[in-house]
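I have placed the structure first, in the form of structure tokens, so that the comments after it can refer back to it.
The shown structure was predicted, so the numbers you read here are calculated from the model rather than taken from an experiment. All ligand and atom numbering here is 1-based and tracks the order in the structure.
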Amino acid sequence: MPSTLDDFDVIGTIGSGSYGTCKKIRRKKDGKILVWKEMEYGTMTESEKQMLVSEVNLLRELKHQHIVRYYDRIIDRSNTTIYIIMEYCDGGDLSVLISKNRREGTYLEEDFVWKMLIQMTSALKECHRRKNGKAVLHRDLKPANIFLDSDNNVKLGDFGLARVLHHETSFAKTFVGTPYYMSPELVNNMSYNEKSDIWSMGCMLYEICALHPPFTASNQQDLNKKICIGDYKRIPSRYSEDLNTIISKLLCVEVKKRPSIEAILVDPIVLRRNRKMD
Ligand SMILES: CNC(=O)c1c(C)[nH]c(/C=C2\C(=O)Nc3ccc(Cl)cc32)c1C
């Protein structure tokens, strides 16, 4: 039986991004706490609406402990809005945690960084595993799209919708924020691929350590230059050479030399770290 808006009570708004508004909701039949992401599709073309539907159907297939669980979707034609109902992550998103540490002048523990690396890699492996011939590339990996549960476990969110909502006719046409995580291949107008997600993950892990992105500049042109040269400082000295080495591998400018998800998971440094965490 498909859900309707009346099946839920809205508790409150917990976030909003370039793709819409996130609300905390309670399912009336059992009191379960969930969220829905509201997205207005009225300005989309028919082909974009079809793309959005197929992206949501892909989300439905992604069932993994480190990917935000999709529950259902409601389409309200009276206000041309789609409501995507998903798992509630009470730890919020990584960008808030990074901002808090930057504000307080404190760093995140190395064990936490390794946990993020291993769980994000596991989530991306599931997404890059071909489903019906279609890889689900995230396309917008950033701390604001990494959510945490009450045990600080990773929940990758906002999956795959980036491709639909970046189209110039959709309401998300105003690019929000500087593309700090743009990969060298995208700067050079080449196509997005699995390795671009690896680059973004490298940028994210760097930012979790340093509390700022690896590449920053006062304008897009200078940022692009730094990205294409791969010019960035080492993560703070408090972090091990092992962690620095792994992040450096992810931030490899040459796509072919950048490790795949599988290569990361069998890297001797990651295997050694995994054994320590067991
Ligand atoms: C300050 N932020 C929060 O309190 C917060 C919390 C506790 N959860 C969230 C966000 C989500 C959440 O809890 N589940 C989600 C599933 C998909 C997407 Cl795109 C977002 C969420 C947020 C933004």
Side-chain angles (χ1 to χ4, degrees), residues 3 5 7-27 30-41 44 51-75 81-104 108 112 116 119-120 122-124 126-127 136-166 170-172 175-177 181 197 200-201 204 207-208 211:
S3 303
L5 294 174
D7 295 334
F8 303 93
D9 286 319
V10 175
I11 299 170
T13 299
I14 54 175
S16 60
S18 49
Y19 305 135
T21 303
C22 220
K23 292 187 178 175
K24 185 176 178 180
I25 56 176
R26 181 186 298 108
R27 192 164 58 186
D30 59 5
K32 185 172 180 61
I33 301 295
L34 296 164
V35 301
W36 71 31
K37 186 97 178 168
E38 298 176 10
M39 288 189 282
E40 211 280 327
Y41 61 79
M44 286 188 183
M51 278 173 70
L52 180 55
V53 170
S54 62
E55 291 285 351
V56 172
N57 290 336
L58 265 178
L59 286 175
R60 184 183 284 158
E61 290 176 34
L62 285 171
K63 291 183 168 57
H64 186 273
Q65 60 178 336
H66 295 307
I67 297 173
V68 167
R69 182 56 57 87
Y70 164 95
Y71 280 81
D72 203 348
R73 58 140 175 75
I74 301 167
I75 296 174
T81 298
I82 182 170
Y83 301 81
I84 303 177
I85 301 162
M86 296 175 278
E87 170 184 11
Y88 177 65
C89 308
D90 41 7
D93 66 68
L94 258 186
S95 67
V96 172
L97 187 61
I98 292 169
S99 305
K100 175 178 175 292
N101 280 270
R102 187 167 44 232
R103 204 169 44 248
E104 295 171 356
L108 289 154
F112 175 82
M116 294 297 104
Q119 293 187 354
M120 276 193 265
S122 170
L124 277 182
E126 176 62 16
C127 301
V136 181
L137 303 181
H138 194 285
R139 299 170 180 276
D140 194 24
L141 278 177
K142 58 187 178 183
N145 285 340
I146 303 292
F147 302 95
L148 299 169
D149 69 9
S150 48
D151 297 322
N152 270 344
N153 291 306
V154 162
K155 301 283 181 177
L156 210 44
D158 249 351
F159 237 98
L161 300 185
R163 175 169 54 204
V164 176
L165 299 182
H166 271 310
S170 68
F171 64 81
F175 194 94
V176 177
Y181 288 12
D197 273 346
S200 299
M201 184 167 68
M204 203 157 24
E207 185 165 355
I208 293 170
L211 305 177

Worksheet entry | Ser99: partners by side chain to side chain donor-acceptor pair (under 3.5 Å), with sequence neighbours left out | none
Worksheet item: Checking Lys37 side chain against Ser16 main chain: does a donor-acceptor pair fall under 3.5 Å?
Response: no
Worksheet item: Between Asp90 and Ser150, is there a donor-acceptor pair closer than 3.5 Å when you use the side chain of the first and the backbone of the second?
Response: yes
Under 3.5 Å, N/O to N/O: give me all the pairs between ligand 1 and the protein, one per line with atom names and distance.
{"from": "ligand 1", "atom 1": "8 (N)", "to": "Cys89", "atom 2": "O", "distance (Å)": "3.2"}
{"from": "ligand 1", "atom 1": "13 (O)", "to": "Cys89", "atom 2": "N", "distance (Å)": "2.7"}
{"from": "ligand 1", "atom 1": "13 (O)", "to": "Cys89", "atom 2": "O", "distance (Å)": "3.3"}
{"from": "ligand 1", "atom 1": "14 (N)", "to": "Glu87", "atom 2": "O", "distance (Å)": "2.8"}

Worksheet item: Under the salt bridge (Lys or Arg N to Asp or Glu O under 4.0 Å) test, which residues partner Arg27, sequence neighbours left out?
Response: Asp30
Discussion item. Checking Asn152 now: which residues fulfil side chain to side chain donor-acceptor pair (under 3.5 Å) with it, not counting sequence neighbours?
Written reply: none
Worksheet entry | Asn57 side-chain N/O to Val53 backbone N/O, donor-acceptor pair under 3.5 Å | yes
